[in-house]
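Here the structure is laid out as structure tokens; the discussion comes afterwards.
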Amino acid sequence: MSKIWGDRLTLKSFSTDDTYQVGTSFLLANGHLGYRGTLSEDKKDQMVALNLCGVYDQYENKWRESINLYNPLYIEIRYHDQVLTPRNASLKHELALSLLKAELNRHTDFDAGTIISRRFVSISDDQVLGEFFSFRAKKTDQYEVTFGVDKEVYEINGPHLETVSCAAKTDHHLLIIESIMKTKECKQIIKMRTIYTCSHEISSADVINNDVFIGVKTLFELKQNEVMKVDIMSRIIISSDNDFPSKENLNESYKQHIREFEALFKRSRILLDGTKEAQFAIDFCVYSLLILGSKTRTTSIPARGLSGQVYKGAVFWDTEIFMLPFFLLNNLDIARNLLIYRYDGLEGALKKSKRFGYDGAFYAWESQENGFEACSLYNVTDAKTGQPIRTYFADKQIHISADVLYGFLSYYQATKDLDFLKRYCFRIFIEVYKFYRSYSTFDVITGQYHFNDVIGPDEYHERVNDNAFTNYLIYFTLRELLGIFDTGDNNSCFAAEKEITPVMIRSFLESIYLPKPNQDGIIEQFAGYFLLEAVTPEVLKTRMETQNEYWGKKASLTKVIKQADVVTLLALFKDQFSSKIKQANYEYYLPYTEHGSSLSSSMYALLAADIGKSDDSYRLWLKSAQIDLRGTSKMFAGGIFIGGSHPAAAGGGILTLLHGYSGLVAKDGKYSFSNNLPQEIKKLSFRIKTAKKNRLIKIS
Ligand code: BGC
């Protein structure tokens, strides 16, 4: 993909090879709806998707996934029977995504005419998306124009929708289409009303209404330089929303969206004194997260954002560890919604625990609505045979429950909002404690609790004992929250708690086994890791037999790790370990790390910043921040397609600037900073806005 760095993400060429990546990089979204950066005339083969957050469906016995809705922005122009699209021919094609306005502009020049369009997905009214489309004829001739709702949607495991009703009404220049869709599994009703206002009379147009399309098709006689316009405003309503408003106004909606997004972007922007490339990278990270947060809905952010159905549209630890810190800075309403999503998911976590034979709350590794565990027991396939491979992500990646606690703890440290914590976190805290207590094994000889048969962040080593990251995270999060909740008086949440006492939790914590560094200062990733074959990812790669082979099987016999593991522990809890230990572990694990997950580089960047390896840090930071700009991430895990946007890498990019280079530490609602800038960045500035403060922080 070719583009330039500037204030807009720009693409000045066209290649069918880029279809998926362009759709992902040029995504528009508003935390509820996501529309891929595809062209008006594109269809499901070009992976057009209007992705809906928080509504899921299972088709037959396939993976349950998020829904792609019918496409209301479909417009096709034919000239002499050929569709005008750069796939066929064009003289010039340009896409530009404004990060400041969250709008996508298109300009495509053909021999026969020029298409110019502007699209937005409203940040101020999250049911709305709209487009201003225009076509200027270059020849005086007939042009066949078709527009309406394309019902043939791109999906991974669908079809998910049934049409309940679909009706089109035309009136002079106006086409109104009302579609009602129903999900197959949960029978959720989703309504879509789209208003098309055409510059030319369409009352005599043919109305098409069949299984795959509803809209109009008409022939326009256009003079040379005559412009034909179609303005589209589409509103989507899910069952929990109010019904359609009586009036709609596309221009007003657009203006309001621009006003709100500009204000949001300016407030949230991180300015740096460095290269234009670096500023653009961080602007893109900020944009990527701002389009995914919701101020009004207690849904969360899926691992692939709203760029499609990859990873089932599910929410992972990515949100609490990598994305939440950004929202804590000055979008606290969004941060609270992300956490309330986990509170609403407690029910699912309790059920999951029972299913696997434990007490308390075992959060979903891949969480859908109400905390439903979407992670399959066979989560990747053999790239050669297509056979499912048994993976233990759902049953053994137990750190997820502590990741949820970590999110609440970060919120408390940033705000000191104890009421919120008591209301939404205390119950989770108790249930998560019960889960870990029941999962642990007590060794009578040493008198310690172990967490055996687990998976840490590095998913290539499954079913290991005492993963250091997991044990420490459980210990730190429970300990910190216990300190907050156990006020020892009648105000304490424990006063009303019948079953669990602070003493019980404390005594459990005191006996958790915490792997200590060896004589070289290295913390073993899990029991037995040191005995594995010491090869690098480069060597392991030469042992792969097929393209896209899943690395897990072969890597598990070696020290090769998929992503930062011990390094994540040291980067997140940098005050708990000495510089010597952090340095030793960074050096030790880096050569074995594949960075096969987009979550890996930012944790290394963060730790590198802390230990003064600023060259490494800057390089890894840029890698994380630019993943969706450069399209450098893995597209397959075994036979499973894993492409799409990477909001956790964007979040990790922001985290490195804030917690790494600005030395930001939040504690009991107070912030402290220190200058830890790499030489490539001379100054950094950003805003912190909480209920009590609105500060401009400058690091130089
Ligand atoms: C990583 C996980 C991550 C998930 C979603 C996987 O490849 O190993 O740590 O949560 O992707 O981003």
Side-chain angles (χ1 to χ4, degrees), residues 24 63 65-66 288-289 292 300-324 338 342 363-368 373-376 379-381 389 391-404 406-407 454-462 464 467 469-470 473 525 537 548-553 555-556 560-569 571-572 589 592-604 624 627-628 632-653 655:
T24 298
W63 284 349
E65 63 189 8
S66 59
S288 301
L289 290 193
L292 295 175
S300 186
I301 303 179
R304 289 289 180 264
L306 296 175
S307 64
Q309 295 156 313
V310 164
Y311 282 144
K312 312 170 186 103
V315 177
F316 291 61
W317 70 315
D318 304 33
T319 312
E320 283 76 15
I321 308 288
F322 296 82
M323 303 181 217
L324 182 70
L338 297 176
R342 292 300 192 178
Y363 271 86
W365 180 242
E366 300 184 359
S367 180
Q368 297 185 341
E373 174 63 274
C375 188
S376 139
N379 225 28
V380 292
T381 56
I389 298 177
T391 48
Y392 291 84
F393 310 154
D395 17 357
K396 307 293 177 191
Q397 211 150 166
I398 64 166
H399 66 82
I400 181 64
S401 291
D403 299 322
V404 170
Y406 181 88
V454 305
I455 305 180
D458 157 35
E459 291 183 333
Y460 288 164
H461 294 89
E462 301 188 66
V464 299
N467 167 254
F469 171 85
T470 304
L473 187 74
Q525 186 175 302
N548 299 331
E549 181 170 337
Y550 178 59
W551 277 38
K553 277 193 172 169
S556 65
V560 171
I561 58 177
K562 180 178 177 185
Q563 64 204 89
D565 194 303
V566 172
V567 164
T568 302
L569 166 70
L572 295 182
Y589 284 107
Y592 298 126
T593 309
E594 184 212 0
H595 298 300
S597 158
S598 62
L599 275 52
S600 190
S601 305
S602 63
M603 286 296 134
Y604 274 94
S624 189
I627 279 183
D628 287 333
T632 46
S633 60
K634 260 194 184 176
M635 292 298 250
F636 283 90
I640 302 292
F641 178 61
I642 55 166
S645 68
H646 298 80
L655 199 63

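Positions are given from 1 along the sequence. Just follow the structure's listing: the first ligand is 1, and inside any ligand the first atom is 1.
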Next item on the list: Let me know which protein residues bring a heavy atom to under 4.0 Å of ligand 1; chain then number is fine for ordering.
Entry: Ala303, Tyr311, Phe316, Trp317, Asp318, Trp365, Glu459, Lys562, Gln563, Ser597, Leu599
Note to self: If I compare all heavy atoms of Ala303 with all of Pro647, which pair ends up nearest, and what's the gap?
What the structure shows: O-CD, 3.2 Å
Margin query: Among Phe469, Phe393, Phe316, exactly one meets ring pair (Phe, Tyr, Trp, His ring centres under 6.0 Å) together with His399. Which residue is that?
Written below: Phe469
Next item on the list: Determine the sole option in Leu569, Val567, Asp565 for which the side chain to side chain contact (heavy atoms under 4.5 Å, CB included) test with Gln525 is passed.
Entry: Asp565
Check: Mind checking what makes side chain to side chain donor-acceptor pair (under 3.5 Å) contact with Tyr363, not counting sequence neighbours?
Finding: none
Item checked: Atom of Gly652, atom of Ser624 and distance for their closest heavy-atom approach -> C-OG, 4.4 Å
Check: Which of these, Glu594, Gln563, Lys562, sits in a side-chain hydrogen bond (donor to acceptor under 3.5 Å, both in side chains) with Tyr460?
Finding: Glu594
